[in-house]
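To start, the structure itself, in C-alpha cells.
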Amino acid sequence: MSQVDTENLSSAQTPVNDDLQAKTENNEQPLAKHDTVHKLIAKRPASKYLGVAIECLLVAFGGFVFGWDTGTIGGFTNMSDYKDRFGSRHSDGTAYLSNVRTGLLVSIFNIGCAIGGLTLARSGDMYGRKNGLIITLIVYIIGIIIQIASVSKWYQYFIGRIISGLGVGSIAVLCPMFIAEASPRQVRGVLVTSYQLMITLGIFLGYCTNYGTKSYSNSVQWRVPLGLCFAWALLMIWGLTFMPESPRYLCKVGRIDDAKKSISKVNKVPLDDPFVDSEIDVIMAGIEREKLAGNASWKELFVGKPRIFYRVFMGVMMQSLQQLTGDNYFFYYGTTIFTAVGLSDSFETSIILGLVNLVSTFISFYVIGRFTRRQALMWGSAGMVACLVVYASVGVTRLWPNGYSAGTTSKGAGNCMIVFACFFIVCFATTWGPGVYVVISETFPLRIRQKGMAVATAANWIWGFLISFFTPFITTDIHFAYGYVFMGCLVFSWFFVGSIVYETKDLSLEDVDILYSSSVKPWNSTAWVRERIANSEKTEQEKSVQEKSSETENENANESV
C-alpha cells in the first residue's frame, strides 16, 4: 500500500485530518507547528513501532476468529459424526442433513453478527474499546461452550451459533476501530488492513484443521476445531492486556493524562514530547466539534447533506454486492461443492482455496494502493465474470457426461472447475474483498460514519445469511447453473460501480464532502480527484517556498543582530 493511500485510509478511520482543520480555523494551534512535529515523527523508521505493531496484530486477531468459523463450518456439515448427532435419518438408517437444517446451521451465524454489530458493539463506547472487546469475547466464548456441549439436539447447536455470532459481529466493528484509534499514524493504515489479512488466515487454517480431524470417527471431528476457538479468544484477551486504551476514547471521557500515556506508549516518545500535546490538541478539537454538532440522528441518513442518503444507498449496495459476488458460495460450501465434482478428498481442495485466498490478500495491498478504487472494483467484477462463465458452463455441460442421474463425473471437467474457482478467489481477494471496506470507510463524513457504516455492514451480514441459507436448496435444483446467478450480479456490479460509485482515493474527508456537493458525475470523478490533488500539491509547494523564504529572512536578521 502506498504512503498516500495509507494516510488516507487512516484519515478515513479517525477524525485527525478534519479535526486539525477545524482547530486551525479557530486559531487554537498553529498549523505550521503541528506539521513540524508530525514531520519529525514521520521520519522515524517503521521498525521503531515493532512492539505496538505486534500488539495491534493481536487485536486484529478478531478477524481470525471470524475467518476460522467460515473455514470450519462448511467442513462440519460433511463430517459423519456431525451428521449422526444433528442430522435426520433416511429409511435405511443413514444420517443426513436436510437442506433446511444445513442452511440454518451455517447461515444463522450471520444474523447473530448483524445484531451484534448494531447492539453489542456499543459496549466499546460505553466501557472503552478494550473492555468492550473483552465483553464481546466473553459472549463469543459462551456461544462456543453451548455448541461444544451439544450432544444430539441440533437446535442447541443452533442457539450457540447465534450467540457466538453476536460476539463476532461486535468484534468486526470494534477491532478495526480500536486499531485505528490506538496505533501510530505512520503504520496505522497497514495495521487496520491486517484485520482483513487475519480473516483469510483464519479461513485457511480452519480448512487445514478440518482436514486434520476428518479421519476420526467420533466427535473429535468437529469438537477439536470448535475447542480451538477458546485458544483464539484467550490469545486475543491476553493481547489486549498489553494494548493501551484508545486515546480518543480516553479524551472523550475526560481522562487526559491517561490519553497522553497511551499516545506516548504507542508512538515510542517521552510523555513530555511536543508530539503528545499536539496529538491531544487534535483529538480534543474533534471531540469539541462533535459536541457542538450534537448527536446525529438516524433521520440524517435520509435527509442529511451533502447527499448523505446517496452515500448510504451506495454503501448498502456495495456491501450487498460484495456478498453477491458468490465468494461465500465457495468458502462456506467448499467441501460440498468439490465433492460434487467427483474429488476423492474435497477437504484438500478447500485447503488450496484457502491458501490462494491468503496469498491473494497480500497482493491486494499493492492493488488497492496502486490503482484507483473504481479501477480495482470494475476490473475485479470483469475478472470474476470471466471465471464464473467457465466454471458454471463446464459444470452444466461437461461435469456429468452421461447426465446428472448417472452420477459419474468427468475428472478433466472437475479439474478445470477447480482451476477457475482459484482464479475467481484471486480476483475477489485482490479487489472486492478489501476494496469495498476501503471505499465505505472513505465515503461517510465523521458525524454519521458510525451509523452509516453499521447499516451498510448489516446489509452484508443479511445477504450472507440469505446466500448461505438458500444455497443448499438452489444447488439441489439447478446444480452448477447457480454460478450464472452470481455472474449476473457481477455484471450488474460493473455497471453500478461505473455509474454510481465516486472515486475517493487520496482525498481527505473534507474533499469527499466537496466532491459530493459538486455537480461532478461519478464517471468524471477520477479526473476531478486528480485535479484536486494537483492543486493541493501546488499549494503545498508554494507554502514550502514561503516557509523557506521566511526562514532565510529570519536567519539574515539574526546574523545582523
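Owing to the predicted nature of the structure, the values given are computational and were not obtained by experimental measurement.
Between L105 and T102 the shortest side-chain heavy-atom distance does not fall below 4.5 Å. Inter-residue side-chain proximity for W222 and T213 is flagged as unmet; no heavy-atom pair is nearer than 4.5 Å. Side-chain contact between Q156 and I159 is absent, with no heavy atoms from C-beta onward closer than 4.5 Å. A 4.5 Å side-chain heavy-atom check between I115 and L166 finds at least one atom pair inside the cut-off. Side-chain contact between N210 and M79 is present, with at least one heavy-atom pair separated by less than 4.5 Å. No side-chain heavy atom of S278 sits under 4.5 Å from any side-chain heavy atom of D281. With contacts defined as side-chain heavy-atom distances shorter than 4.5 Å, the pair L58/M243 does not qualify. Under the 4.5 Å side-chain criterion, counting only non-hydrogen atoms from C-beta, I256 is not in contact with L250.
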Donor-acceptor pairs are to be reported for all side-chain atoms of residues 167-175 against protein atoms at under 3.5 Å, with residues two or more places apart or in another chain.
{"residue": "S170", "atom": "OG", "partner": "A121", "partner atom": "N", "Å": "3.4"}
{"residue": "S170", "atom": "OG", "partner": "T136", "partner atom": "OG1", "Å": "2.8"}

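The OH atom of Y157 sits 5.5 Å away from the CZ atom of R161 when rounded to the nearest 0.5 Å. To the nearest 0.5 Å, atom CD1 of residue I203 and atom CE of residue M198 are 13.5 Å apart. L358 contributes atom CG, which lies 4.5 Å from atom OG1 of T200 (distance to the nearest 0.5 angstrom). A distance of 11.0 Å separates SG in C113 from CG in L118, rounded to the nearest 0.5 Å. How far CZ of F469 is from CG of L104: 4.5 Å, rounded to the nearest 0.5 Å. Interatomic distance, CG of L228 versus CD1 of I144, reported as 10.5 Å (0.5 Å rounding).
The backbone N or O of V367 lies less than 3.5 Å from no partner atom in the side chain of S364, so there is not a single donor-acceptor pair. Put simply, the side chain of Q322 never gets that close to the backbone of N460: no donor and acceptor are under 3.5 Å apart. In this structure a side-chain-to-backbone donor-acceptor pair under 3.5 Å is missing from R374 to E503. W68 places no side-chain N or O within 3.5 Å of a backbone atom of L201 that could act as its donor or acceptor partner.
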Between D277 and K260, is a side-chain contact (heavy atoms from CB on, under 4.5 Å) present by the stated rule, with each step listed? CA-CA 7 Å; D277 291 329; K260 289 182 178 181; 3.6 Å; yes
side-chain contact (heavy atoms from CB on, under 4.5 Å) between D327 and F486, worked out: CA-CA 9 Å; D327 63 304; F486 295 120; over 6 Å; no
With side-chain contact (heavy atoms from CB on, under 4.5 Å) as the test, would you mind laying out the steps for M314 and V439 before giving the verdict? CA-CA 10 Å; M314 187 200 74; V439 170; 4.1 Å; yes
Step by step, would you call L355 with Y207 a side-chain contact (heavy atoms from CB on, under 4.5 Å)? CA-CA 9 Å; L355 182 60; Y207 285 152; over 6 Å; no
Could you go step by step and tell me if S320 and W463 meet the side-chain hydrogen bond (donor to acceptor under 3.5 Å, both in side chains) rule? CA-CA 6 Å; S320 300; W463 274 106; 3.2 Å; yes
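The shortest heavy-atom contact between L240 and I134 is CD1-CG1, 3.9 Å. Nearest approach of V316 to A459, heavy atoms of both residues: CG1-CB, 3.8 Å. For G464 against Q323, the heavy-atom pair with the smallest separation is CA-OE1, 3.5 Å. Taking every heavy atom of both residues into account, S246 and R129 meet most closely at CB-CG, 3.6 Å. Residues S219 and R85 approach most closely at CB-NH2, 3.7 Å, considering heavy atoms. Between S262 and E245, the closest heavy-atom pair is OG-O, 2.7 Å.
For the pair K214 and Y211, the distance from NZ or CZ to the six-membered ring centre is under 6.0 Å and the angle to the ring normal is within 45 degrees.
When the shell of 6.0 Å around NZ of K261 is examined, it contains 12 or fewer heavy atoms from other residues, nucleotides or ligands. The environment of OH in Y127 is sparse: at most 12 heavy-atom neighbours from other residues, nucleotides or ligands sit within 6.0 Å. A 6.0 Å sphere centred on CZ of F371 holds more than 12 heavy atoms belonging to other residues, nucleotides or ligands.
A perpendicular orientation is assigned to the rings of W238 and F242, their planes being inclined by more than 60° (bins at 30° and 60°). In this pair, F86 and Y82 present their aromatic rings perpendicular. The plane angle is above 60°, beyond the 30 to 60° band.
The six-membered or imidazole ring of F158 lies near that of W154, with a centre-to-centre distance under 6.0 Å. Aromatic rings of W461 and F66 (six-membered ring for Trp) have centroids within the 6.0 Å cut-off, being under it.
Looking only at atom types and distance, the side chain of W432 has a donor-acceptor partner in the side chain of S381 under 3.5 Å away.
Ion pairing between a basic and an acidic side chain is recognised when a charged N comes within 4.0 Å of a carboxylate O; D81 and R223 show no such pairing.
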